[in-house]
Amino acid sequence: MCGIVGCKGVDNIKEFLIEGLKELEYRGYDSAGIGVIDKEDLKVIKAVGKLVNLERKLKNVKFIDPKVGIGHTRWATHGKPTEINAHPHRGEFSAVVHNGIIENYQEIKRFLQEKNIEFISQTDTEVIVRLFEYYYEGDSFEAFKKVLDRIDGAYAILLITKKEPQKIFFAKKGSPLIVANNNDKFFFASSDAPLIGYASAACYLEDGEFGYVDDKIHLFKDNKEVSLNLKPLPTNKESAKKGGFRFYMEKEIYEQADVLKENTLGRNTKEGIKFDELDKEFFEGINNIIISACGTSYHAGLVGKYLLERDAKIRTNAEVASELRYRNPLLTKDTLFIVISQSGETADTLETLKMAKRAGLKTLALCNVDNSSIVREADKTILLRAGIEKGVASTKAFATQVMTLWMLSNYLSNKNEYEAINEAIEVTKVDGALHEKIKRLSKRYLHGHGFFYIGRDIFYPLALEGALKLKEISYIHAEGYPAGEMKHGPIALADPELFVVALLSKNILFEKTKSNIEELSSRDATILTISSEYIDMTDDFIKIKETSHPMVEFFEMMVITQLLALEVAIRRGNDVDMPRNLAKSVTVE
Ligand code: F6R
């Protein structure tokens, strides 16, 4: 996910911009750039890849009288990670950096092209600077406001222009942006780490706020000037990167609602699902789908199997890549081969993708890392837009994988579940009281001889995922089981020291799952039920919201299972972000 910095009046502009971007590196990026108004000149320097490449280029750049500067790290969404697509984007006399997505950029681009305005990048961002210059008639702020009126979508924007070399124009809607000052020095960043040490307090802008900086910060909302709401900045950079959370995994669990918004932006629309990266012809002649993935991504694939087969009526199988790879599967050309991978580098998944391509199948990747091996290999890719995931145990990437599969099944079945998708995003917001309850509950689940997570239908893959999360970071044995399978063997393990996490949906097979829980309860297993309806025979109960859509239940239960694993692991004193024996990207067989 992209990062933004900006400044005015600092002693060493290069240092602030580069060091600031370094603080945002952890968010992941594939190109970077800065733009500076130097005396009367606008200088834009960009480089593909890591920040060292940009630093190398900047060694030969001398600023004479730098006034204002902006910087950006870009995580490609619209257009490949090239130098042209990197930010800042410049026009004739201005430059812009932007996080988020301009949803109506194609319509604006067409409008400007009809006026013979040329575009050089494939990005949505370029329309901001072109539109600004189109509207400019001697008053930069007026032109900037017109731009904001015209663009739809999510954004954090910084814009500088030679027309007013002492100003930085800014706006925020849906993507974070922070502004701070220290006497006559002004700073911007998309998260607070770059500002630490430069200012003691900052204004975390709210959606709809915009303005400019000259010798003070002018902040507006609804076209009225408003006052700054300053909050103290944290003093510790490492904890700032973790956003004050104890572990990256915890931060990533909390980030899920934002990440899912990003994932569905421009895709989940009132008119139905849109994927810029797909066209309906791609699916012509497809009668089967095989989904290939490993670990958590495989669990997402299993959810996809239920959704795609039920809604899109296409026979779908989810396969563990390391198995599929060596079993000489029957691959027919009417099969769409989908691979799911957070990293895009998982060796087994990649090899199955190559195998499918050799067999002449159409291939589609659901992946979080653009330009990764899997993305390069697949015919088409839907990027997950989860941002970099630091915790080894996957959380937010899983959320975006499931959401993308849900949207894909809507796309293929022409089903419109716009409202339900938004409701599902909403329930992933972590409720502080719920987290507290899980923290307290976790102390009762530290011993015993293991866990069973049980569920039916889409809650079965969630049971597998809940169990995997727990074992990865707590090192306690846990298994996911289809609830109906318990009586075919595993129930032999039931006693008070067996912990069962029951995922009890109100919308899918409620009575049947309830009976399965009863079977376990009558054998004295210790049961934690997660449901919107309370049941008597449970030891512990976590209530979720009532809803008529099982996917909404799914996403709320997902967060609860993640928090439970986290709290059990923390109580056991484990390093949640770096569990023993595990690596984030498994590039070996
Ligand atoms: C578990 C986890 C792993 C990965 C698996 C595949 O929390 O993260 O099970 O899901 O190694 O990795 P990707 O998705 O990068 O292909």
Side-chain angles (χ1 to χ4, degrees), residues 28 247-253 255-256 259 263 291-304 318-325 337-354 356 363-378 381-405 453 461-476 478-480 558-559 561-566 568-569 574-589:
F247 292 96
Y248 281 109
M249 181 184 170
E250 185 178 25
K251 176 169 181 274
E252 287 160 4
I253 293 171
E255 264 170 20
Q256 288 179 119
V259 159
N263 170 266
I291 302 177
S292 169
C294 302
T296 289
S297 301
Y298 164 69
H299 297 154
L302 272 177
V303 181
E319 306 260 4
V320 171
S322 57
E323 281 297 308
L324 182 67
R325 190 175 164 185
F337 198 84
I338 300 181
V339 285
I340 307 177
S341 174
Q342 188 284 127
S343 62
E345 302 297 343
T346 303
D348 284 320
T349 311
L350 178 62
E351 288 310 314
T352 59
L353 174 60
K354 289 183 182 161
T363 59
L364 169 66
L366 272 48
C367 188
N368 198 30
V369 183
D370 198 7
N371 235 14
S372 57
S373 306
I374 284 178
V375 170
R376 289 201 305 272
E377 193 69 31
T381 297
I382 304 177
L383 289 175
L384 299 171
R385 304 181 188 158
I388 198 162
E389 193 175 55
K390 279 213 152 187
V392 165
S394 180
T395 51
K396 62 177 180 170
F398 174 72
T400 59
Q401 290 167 345
V402 174
M403 182 57 86
T404 307
L405 287 160
Y453 282 66
L462 184 59
L464 290 173
E465 176 57 12
L468 179 65
K469 271 319 63 110
L470 185 81
K471 70 182 137 201
E472 278 184 297
I473 59 174
S474 74
Y475 318 141
I476 299 175
E479 280 185 73
M558 173 195 78
V559 175
T561 56
Q562 292 166 342
L563 289 172
L564 180 66
L566 176 85
V568 170
N574 298 346
D575 182 345
V576 168
D577 286 333
M578 302 260 221
R580 67 184 185 204
N581 309 336
L582 297 179
K584 186 69 191 155
S585 179
V586 187
T587 51
V588 290
E589 256 198 82

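We count ligands from 1, going down the list as the structure has it; atoms in each ligand are counted the same way. For this chain, numbers begin at 1 and follow the sequence in order.
- Residue-ligand proximity, V392 to ligand 1, at heavy-atom distances under 4.0 Å covers atoms 7 (O), 8 (O).
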Where do L462 and V402 land on the side-chain contact (heavy atoms from CB on, under 4.5 Å) test, with the steps shown first? CA-CA 10 Å; L462 184 59; V402 174; over 6 Å; no
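- Near Q342, the atoms of ligand 1 lying under 4.0 angstrom from a non-hydrogen atom of the residue are 13 (P), 14 (O), 15 (O), 16 (O).
- For ligand 1, the atoms closer than 4.0 angstrom to any heavy atom of S341 are 13 (P), 14 (O), 15 (O), 16 (O).
- Counting only N and O atoms by type, the side chains of T296 and E465 include a donor and acceptor under 3.5 Å apart.
- Residue E472 touches ligand 1 through its side chain alone, judged by heavy-atom distances below 4.0 Å.
- The S297 neighbourhood of ligand 1 comprises atoms 10 (O), 13 (P), 14 (O), with distances under 4.0 Å to a heavy atom of that residue.
- Checked by atom type and distance alone, the side chain of E389 pairs as donor or acceptor with a backbone atom of K396 at under 3.5 Å.
- In this structure, the side chain of Q256 engages the main chain of I253 through a donor-acceptor pair within 3.5 Å.
- In summary, the atoms of ligand 1 found under 4.0 Å from a heavy atom of K469, numbered by their order in the structure, are 1 (C), 7 (O).
- Defined by atom type and a distance below 3.5 Å, a donor-acceptor pair is missing between the side-chain atoms of S372 and E345.
- Between S394 and ligand 1, an N or O atom pair is found at a separation short of 3.5 Å.
- Listed by atom number, the atoms of ligand 1 under 4.0 Å from A393 heavy atoms are 7 (O).
- With sequence neighbours left out, E319 forms a salt bridge (charged side-chain N to carboxylate O under 4.0 Å, His left out) with R327.
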